[in-house]
Number of protein chains: 2
Amino acid sequence: METVAERAGVSRALVSLVMNNSPKVSDSKRTAVLEAAAALGYLPNLHARSLAQQRTKTFGIIINDIHNPFFAEVVSGIESAADGHGFSVLILNGGRDPDRERRAVETHLQFQVEALILVGTRLDDGALVRASQVTPTVIVASGSDHPGVDTITANDRIGAALAVDHLVALGHTDIVHLDGGDNISSRHRAGGFELAMRAAGLEPRVLRAGDGEADAEAAMAQLVEDETVPTAIFAFNDLLAAGVLDILKSAELSVPNDVSVVGYDNTFIAELNHMSLTAVDQPRRMMGELAVRTVLERIEDNRTEPTNLDLSPTLAVRGSTGPPKRDRITR
Amino acid sequence: METVAERAGVSRALVSLVMNNSPKVSDSKRTAVLEAAAALGYLPNLHARSLAQQRTKTFGIIINDIHNPFFAEVVSGIESAADGHGFSVLILNGGRDPDRERRAVETHLQFQVEALILVGTRLDDGALVRASQVTPTVIVASGSDHPGVDTITANDRIGAALAVDHLVALGHTDIVHLDGGDNISSRHRAGGFELAMRAAGLEPRVLRAGDGEADAEAAMAQLVEDETVPTAIFAFNDLLAAGVLDILKSAELSVPNDVSVVGYDNTFIAELNHMSLTAVDQPRRMMGELAVRTVLERIEDNRTEPTNLDLSPTLAVRGSTGPPKRDRITR
DNA sequence: CCATTGCATTAGAGCGCTCTAATGAATACG
DNA sequence: CGTATTCATTAGAGCGCTCTAATGCAATGG
């Protein structure tokens, strides 16, 4: 900076003003400084700036699993919203590991980020509350059972109801839900499934499965063996649904003729023509954008009461669902 | 820090030593400082540290597309290797946009990262060379035609040959390659395909396609209409292969009985049972790890000559390939 | 018992920037 | 013509930390 100032024949302070494009710099000096900077390849040191300015204009994102395309889209939403408000975004990968996430929180805090956006976090409530006391913190897309911390979610119960209602409207009465094992979302979706089924006057059947393709196997094997394959299956997520599709194929049951299948998340997998999976869709980008808005309210409008935004999912109807076969309708 | 020092009854300098766990601190003072720090919730300010220390122990990653699972795994490799050497990793998303990538480079430089790792970059050579003059820079997984810049690649020609050899060994003689449109990898894979075919005494057929599922349609439509569907298809990547599978299905051609299909990248999609796609696999994690090693050589062993590591891909054989039908073997 | 060594500890400068308050020049006004 | 007003410019302190060199103190040895 010193060097740039000398070369442009001005003071350090003036260089600073130019770099922050302050309006109160004469055009002549401005171009002189800009030229000198370009000639010297000068780039301001962000650490020094942050230190002097006592702010970073930066959000810290922790993404639970960088491999998960669902999270990727949330991050896109965050990035564009942050960008629109002049904030940068630092991404740290949680790697599905609460411990690593804890370290990531610490790193972000050391970086003096102005807010923490936790996407699909697995952090325990204690850690979450602690973080939220240090800096504005918002949790995106991982349950809503964190008291006092801002959250952005898409309602799993409504999502499940969407799936059920779609199937019921098609004429299905025998619907099985394969759940996602032991996590908040899974409990909510299963709960929503049961509620919606009962509301339609139907008996819910829920089978324990998991969140991976392979988890479909055990649950499905049972159905096939017992010859209690329903006319429709609602899976915890797209991956599980992919497993279901596969097993139905090997059992020589056609989709959607013999069995309809609904997934959840509407990822990329659901979209593959080969799958053409009807799936519940969460407004991922929107969730990211709202996360930014939520923390901005804390930073700029200094809101203090916690906010819990719960959005409504939608249903993407594709080829994996259709009316049940006549001869399989029991009542 | 001041406050911590006071509370622990020591000097600021001593607190600094403790925070960097220097060995020359007495146990008594160390615990005193640690306790004070914990009680006050003190976290060192990374900006101040970086400024004073004149180093950041941080690598800047730019990932071309955060949605691409291929890149995600490379990043995992980078992260774990960096971690093993005491380096942190800052991720910026290029968003498939060269302009945004350019800004990301600048941001990283302003953050004084000690090296730049560009994963699947779309930056032009000029920008790359400029970056590499400012800080150690390595390009991972995007062609190898960048002169003077360190690169880590997996050889596309070998990959293509792997696919061809596998199909030839199964007895195929009529093999079509659907290329990936206009990019470096595509050219290399197509080139490798032609070479390997000729080496096997076969006539290569290459059709222009693209890198998305939808791109398969046009190319495949032509084959189906002309009734020149080969006994095997080698697609530029898994996504394109997914499109091929889909179209074969609607043309009522069975895989692998009527047609064998080979993909590239061995992503997640290939692994889906429903797809069960034979695919060329690039050593993604390894590529990430080698990227770290490459920049470390520049930082710590101050290497100056450029390095170009070209790894060998492997083939993951699955259900989408098999021997050709007897009656379709022409010679 | 004093000089010497070794080690834990500290004072204070400096990292690159921004910001406040002061300076100086130029314009406007009575 | 002198004073007030405005505006571009600058000096210099300070952001929170680390690092060098200096200090003080205890232990060692002749």
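Any value given below was found using the heavy atoms of this structure, including those in side chains, with hydrogens, waters and symmetry copies removed. Quick caveat: nothing in here was measured; it's all calculated off a predicted structure.
- Residue contacts shown for A/Val25 are limited to sugar-phosphate atoms, with no base heavy atom under 4.0 Å away.
- In this structure, the CG atom of B/Leu14 is 15 Å from the P atom of D/dC17, given to the nearest Å.
- Counting non-hydrogen atoms of other residues, nucleotides and ligands closer than 6.0 Å to CE of A/Met286 gives a total of 12 or fewer.
- We find that NZ of B/Lys29 is positioned 9 Å from C1' of C/dA8, with the value rounded to whole Å.
- Looking at heavy atoms from C-beta onward, A/Asn64 lies in side-chain contact with A/Glu101 at the 4.5 angstrom threshold.
- Side-chain contact check for B/Arg303 versus B/Pro136: every heavy-atom pair is 4.5 Å or farther apart.
- In this structure, B/Phe111 places its CZ atom 14 Å from P of C/dC17, rounding to the nearest Å.
- Across the protein-nucleic acid pair, B/Arg49 atom CZ and C/dG16 atom P stand 18 Å apart, rounded to whole Å.
- Whole-Å rounding puts the A/Leu51 CG to C/dG16 P distance at 12 Å.
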Output one letter per nucleotide in nucleotides 19-25 of chain D: B when a protein non-hydrogen atom lies under 4.0 Å from the base, S when only the sugar-phosphate is that close, - when neither is.
B------

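- Side chain to side chain, A/Asn155 and A/Ser312 fail the donor-acceptor criterion of an N or O pair below 3.5 Å.
- Atom-to-atom, CD of A/Glu6 to P of D/dA11 comes out at 12 Å; the value is rounded to the nearest Å.
- The closest side-chain heavy-atom distance from B/Leu43 to A/Val134 is not below 4.5 Å.
- The number of heavy-atom neighbours closer than 6.0 Å to CZ of A/Arg55, taken from other residues, nucleotides and ligands shown, is above 12.
- No more than 12 heavy-atom neighbours from other residues, nucleotides or ligands sit within 6.0 angstrom of CZ on A/Arg293.
- Look at A/Ser26 and you won't find any side-chain N or O under 4.0 angstrom from OP1 or OP2 of D/dC7.
- Distance, B/Met19 CE to D/dG16 P: 15 Å, rounded to whole Å.
- Note: CG (A/Asp27) to C1' (D/dT9) measures 15 Å, nearest angstrom.
- Not one side-chain nitrogen or oxygen of B/Gln112 sits closer than 4.0 Å to the OP1 or OP2 atom of C/dC15.
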